Amino acid sequence: METEPPGKDHPLLALDNVLLTPHIGGSTREAQKRGEWGAAEEVVRVLSGERPLNPVIDPGARTRR
């Protein structure tokens, strides 16, 4: 949507087969807990001298100059 929340006259709101949720609508408690634990495990892994499972920057990638 360009504007959130959509205006009361938005055509999607008139449809019976549409359910609109905020961006956080798909984030369940379980998903949040998994994300929190995953982040904590990555910190422990790196502090223990191991490589992260999901590095943001690939150490093997070449840098542009």
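One is the number of the first residue; the rest follow in order along the sequence. As a basis for the values below, the full set of heavy atoms in this structure was taken, side chains included, without hydrogen atoms, waters or symmetry mates. Please read these numbers as outputs of a predicted model, since none were measured by experiment.
Within a 6.0 Å sphere centred on CG of Asn17, heavy atoms belonging to other residues, nucleotides or ligands number more than 12.
Applying the side-chain contact (heavy atoms from CB on, under 4.5 Å) criterion to Leu53, with sequence neighbours excluded, gives Glu42, Arg45. Applying the side-chain contact (heavy atoms from CB on, under 4.5 Å) test to Val18 and every residue at least two apart in sequence or in another chain returns Leu12, Leu15, Leu20.
Shortest non-hydrogen contact noted between Leu13 and Gly7 is CD1-O, 3.3 Å.
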Sequence neighbours excluded and cut-off under 3.5 Å, please list the side-chain donor-acceptor pairs for residues 30-40, or say none.
residue: Glu30; atom: OE1; partner: Thr28; partner atom: OG1; Å: 3.4
residue: Gln32; atom: NE2; partner: Ser27; partner atom: OG; Å: 3.2

